[in-house]
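First the structure, in the form of structure tokens, and then the observations on it.
Keep in mind that this is a model prediction, so the values were computed, not measured. Values below: all heavy atoms of this structure, side chains included; hydrogens, waters and symmetry mates excluded.
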Amino acid sequence: MDLRAELLKSIWYAFTALDVEKSGKVSKSQLKVLSHNLYTVLCIPHDPVALEEHFRDDDDGPVSSQGYMPYLNKYILDKVEEGAFVKENFDELCWTLTAKKNYKPDRNGNSVVSHQDAFKLWCLFNFLSEDKYPLVMVPDEVEYLLKKICTAMNVELNSCELDDYLSQEPQGQGGLTVWQFLDMVNSGRFLRGIEQEAISMAVEEVYQEVIEDHGFDLRVSRAQGYLWKKGQLRRNWSERWFMLKPSVLSYYMSEERKEKKGSIALDKHCCVEVLPDRDGKRCMFCVKTSSRTYEMSASDTRQRQEWTLAIQTAIRLQAEGKKSLHKDLKQKRREQREQREQRKAAKEEETQRLKQLQEEKERKLQELELLKEAQRQAEILLQEEEQRRRQQHEEMQRTLEIQLREAEQARASMQAEMVLKEAEAERQRKRILELEDMQERLQEALQQEVKARQDEEAVRYAQARLLAEEEEKLKQLMKLKEEQEEYIIKTQREKQVLKQEMENKNKCLEEAQKQLEEVRVNRQRVDQDVMAAQRKLRQASTNVKHWNVQMNRLMHPIGPGDKRTNVSGGVFAGYQPLLSRRDSSLK
């Protein structure tokens, strides 16, 4: 967690404390005072012009947290320098603003923690809370903090009772708010029979370890305590009070830390080594820096192991660029929580999947039972169907045997009949050959008749054309006559002038009469041709009649007399209508 995120958590409490109406907005005058106080505690140079300009009175009304963030980031948080201010003073300012409104200790003075301890618990809560608003602490972090406090007092936390309390307490956003946490601590449910002074010392110890980074493990003795140190010049052994911080190991004359004797800067080039016992000292170890080696002796092996582990942890954090072990541990716990939640979600998903598979299996088993029952029913039906089909087959076989015997008898009779039919067919084939020959000759006669009819049609067409021409000439003659009469009646005075024209007309008339005579002569000639064609048609008709007589003679059957009429009628019945139509057309 970077410095900006830590500061924003405390400022969020101050901002919400100023929101009296819980509308999410704060008046500009209050924000102006808050900003001025933040300038002071964060040791930032005041910018009265920007302050007055940003929070001048206008009609915009109160400002929301989103509206205050641009000014907060630009003029305050961007100018904050780490180490230039005392963070405890900053936290006390924000705590003072929010505690007046939200912190409600026991009025009878029976609170488990004092007001100052509540402030430190509030700081610890901010450090361990989630990085989302509104700020809450998840149950795992609540248990972690209470365990550290109980461990500092050499008291064991009742985890089951804590789980019961957390299950009954309404939790928003998946955790407890700071006020719910303080109410839980003040209830004394988890700190029964412990004096307030012991609780205060434990809270201070955890506060120093987590917030001030004075400790690196569960007990303060592992990060501070007495050790024997070997001097650099006189090489004598002196007992000193050591205190380990993330980047430095300091040692004092006594645990009051009034007289500081020196410090060892820790960086990635440092290392810790365990030394063998010598010079009457046991449990020895040394801290090697790039310029010097510091030899120290612990009271026992356990204390040496704790110190070496704590110093190695500090060196590792420096090498990794991390400033706080507890921040690193908090991140690891958060990652572990996320992994547990993921595993839990995966397990629930797997359980759900297994449940679905079990349901699917049961459903499949039910379907299998139904299929087995259906198979049994089908087998019964199949056996019945097989029995019925066997009976039908036997009946059908008997029926077929009877039909086969009847077919054998019918076959014998049909063979005898086939012999007769073959003889009859041979006779019919001969007769058909004769008829086919006769049909060819008849077709030739018909073709001649058709040709004669075509010639007759051509002559008739020519005759009609000549008649049309004759009528046209007559119309022209009549027209000329009418014109002549009109000219005679109308133009008596022009008689002499038109006489020549009349003569010309007469000549034309004479020529037309000559042409008419020629048309008449042609007509007579065409009539003669028509008569000749009719004679040819009559001759062809005579020939057809002759061939009809011959055909009728050939139509008599060779066999018995009862079949003669059917054969002649079946073969030449189609020619009778044609001959009848031809005779009628000739008539």
Side-chain angles (χ1 to χ4, degrees), residues 1-19 26 30-31 33-44 65 68-69 72-73 75-105 111 113-137 141-142 144-145 148-149 152 175-183 185-186 199-215 245-246 323-327 329-330:
M1 183 191 335
D2 58 0
L3 180 61
R4 180 185 292 264
E6 293 180 11
L7 298 178
L8 277 175
K9 286 186 176 181
S10 299
I11 295 174
W12 178 78
Y13 279 109
F15 184 90
T16 54
L18 297 176
D19 181 15
V26 179
Q30 291 177 314
L31 290 178
V33 175
L34 175 62
S35 301
H36 188 275
N37 291 329
L38 291 176
Y39 275 121
T40 302
V41 296
L42 294 174
C43 300
I44 300 172
S65 58
Y68 182 57
M69 283 303 295
L72 182 64
N73 287 323
Y75 294 102
I76 298 178
L77 297 180
D78 289 347
K79 297 179 180 181
V80 173
E81 296 181 2
E82 190 171 2
F85 67 98
V86 179
K87 188 172 183 302
E88 187 174 357
N89 297 336
F90 167 78
D91 290 334
E92 285 183 353
L93 170 65
C94 298
W95 163 256
T96 302
L97 291 174
T98 188
K100 289 181 180 179
K101 177 182 177 183
N102 300 299
Y103 183 54
K104 300 175 182 178
S111 298
V113 295
S114 63
H115 191 81
Q116 186 64 23
D117 293 337
F119 161 69
K120 293 175 182 178
L121 289 174
W122 178 78
C123 294
L124 291 168
F125 180 93
N126 289 345
F127 180 83
L128 297 174
S129 62
E130 298 298 301
D131 297 333
K132 55 185 178 181
Y133 297 90
L135 296 174
V136 294
M137 186 191 298
E141 295 295 327
V142 173
Y144 171 77
L145 179 56
K148 288 191 72 67
I149 295 174
L176 295 178
T177 64
V178 66
W179 313 118
Q180 290 175 323
F181 175 71
L182 291 176
D183 291 342
V185 174
N186 280 324
I199 296 174
S200 180
M201 291 177 63
V203 171
E204 173 65 22
E205 183 177 320
V206 176
Y207 178 82
Q208 290 293 328
E209 178 185 347
V210 177
I211 304 300
E212 299 295 336
D213 283 320
H214 288 171
K245 291 187 178 181
K323 299 181 179 180
S324 174
L325 173 64
H326 287 284
K327 293 177 183 178
L329 293 176
K330 176 189 173 184

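When the salt bridge (charged side-chain N to carboxylate O under 4.0 Å, His left out) test is applied to Asp91, the partners found at least two apart in sequence or on another chain are Lys87. In this structure Ser200 satisfies the side chain to side chain donor-acceptor pair (under 3.5 Å) test together with Asp117, sequence neighbours excluded. Asn73 pairs by the side chain to side chain donor-acceptor pair (under 3.5 Å) definition with Arg4, not counting sequence neighbours. Taking the side chain to side chain donor-acceptor pair (under 3.5 Å) definition, one finds that Tyr75 meets it with nothing, sequence neighbours left out. Residues satisfying the side chain to side chain donor-acceptor pair (under 3.5 Å) test with Trp95, not counting sequence neighbours, are His115. For the side-chain contact (heavy atoms from CB on, under 4.5 Å) test, residues two or more places apart in sequence or in another chain that qualify with Thr16 are Trp12.
In this structure, the side chain of Lys9 engages the main chain of Asn126 through a donor-acceptor pair within 3.5 Å. Put simply, the side chain of Lys101 gets close to the backbone of Asp19: a donor and an acceptor are under 3.5 Å apart.
The CZ atom of Phe90 sits 6.0 Å away from atom CG of Leu38, with the distance rounded to the nearest 0.5 Å.
Contact record, Ile44 with Ile76: CD1-O, 3.3 Å, taken as the closest heavy-atom pair. Across all their heavy atoms, Leu176 and Phe125 have their closest contact at O-CZ, 3.3 Å.
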Using side-chain contact (heavy atoms from CB on, under 4.5 Å), reason through Leu34 and Leu97 one step at a time and then give a plain yes or no.
CA-CA 9 Å; Leu34 175 62; Leu97 291 174; 3.7 Å; yes
side-chain contact (heavy atoms from CB on, under 4.5 Å) for Tyr207 and Glu88? Distances and angles first, verdict last.
CA-CA 11 Å; Tyr207 178 82; Glu88 187 174 357; 3.8 Å; yes
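In summary, the aromatic rings of Trp122 and Tyr103 are positioned with their centroids too far apart to meet the 6.0 Å limit.
By the 4.5 Å heavy-atom criterion applied to side chains, Glu92 and Val41 are not counted as neighbours.
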